[in-house]
Amino acid sequence: MRRCAGHAAGIMRGMSPHRPPRRPHLWLPLLLASQLAVVVAWWWLGWRVGLPLLLASHALCLWGVLAPGSRLFGPVLTRLPDGAQGVWLTIDDGPSDDTLPLLDLLDAHGAKATFFLVGARARARPELVREILRRGHGIGNHSQTHPQAVFWALGPARMRREILDCQRTLSGIAGQAPVWFRSVVGHSNPFVHAPLRDAGLARVGWSARGFDAVEADVDRVVSRIAADLAPGAIVLLHEGAGHGRNVGMVAGVLARIQAQGLRAVLPD
Ligand SMILES: [Zn+2]
């Protein structure tokens with residue numbers, strides 16, 4: 001296992017929820033300090049103390065990589081600030097054949113959403129990116145090629161390319177740079193936050209999800225998400241999944257949002 005440890009990067013309190021990372025390399029001195037502490041504990045107190053400490057520090061590192069809401073390597077927004085009245089719908093993995101039906105659906109409900117787009121897919125269908133913006137929605141960076149099996153393990157050069165290539169692609173099509181980033185599969189690692197800082201991107205997680213990228217049962221997805229709907233919630237949705245039911249799922253979520261007297265709004 002890669003040796004790492006770290007600490008939640010500080011999040012400043014303020015009006016805007018948009019906070020790009022400020023200290024993306026903080027994990028390195030904390031990692032070194034933690035492993036030095038393990039060695040010292042092992043030396044003075046023996047393996048019965050040193051070994052569990054070593055394993056715990058590595059388990060913490062793995063949690064930081066795999067847990068979508070983990071702030072071990074840098075900040076992530078998982079809820080809108082206190083006092084937020086609406087919910088933020090985020091739709092990942094487009095553009096796709098679902099994009100236009102989704103835009104019609106959102107219009108019919110008077111709802112706004114942010115589409116986290118894959119750069120290569122946006123380059124193939126730039127007219128869909130422009131249509132998203134024309135209808136008053138937002139776009140975010142969701143990597144250039146969506147390497148979902150290996151995103152968590154990407155080294156610094158490839159990670160930077162994934163993030164900055166998507167940023168360039170979307171900026172070129174939209175005429176403005178995205179300010180939000182959604183990690184692929186929600187994973188993180190020590191190399192995500194430096195390119196985010198350099199591009200002025202803030203990482204967005206979620207507080208409600210229904211596993212709609214893999215789950216084909218519309219009712220099950222909608223009721224999982226509905227259980228976590230509340231003012232300030234960030235809802236994770238997808239488009240273009242193999243099961244072909246994403247539009248029906250978003251329709252179900254919009255109906256629940258309306259039934260609960262909530263509104264789907266953008267954070268900025
Ligand atoms: Zn994705």
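Each ligand, and each atom within it, is numbered from 1 in the order the structure gives. Predicted, not measured: the structure shown is a model, and the values here were computed from it.
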Q. Linking I/L/V/M/F/W/Y whenever any side-chain heavy atoms sit under 4.5 Å apart, do Leu236 and Val184 land together?
A. no
Q | Joint cluster assignment, Trp206 & Leu266, ILVMFWY side-chain distance < 4.5 Å | A | yes
**Q.** Aromatic ring pairing Phe116/Trp88, orientation class (parallel under 30°, perpendicular over 60°, tilted between)
**A.** tilted
Q) How many protein N, O or S atoms are found at a distance of less than 2.8 Å from the Zn ion (ligand 1)? A) 3
Q: Measure the OG1-CZ distance between Thr114 and Arg182 for me, rounded to the nearest 0.5 Å.
A: 9.0 Å
Q: Mind checking the CG-OG spacing from Leu196 to Ser183? Nearest 0.5 Å is all I need.
A: 7.0 Å
Q.
Just checking Arg263: does its CZ atom have more than 12 heavy atoms from other residues, nucleotides or ligands closer to it than 6.0 angstrom?
A. no
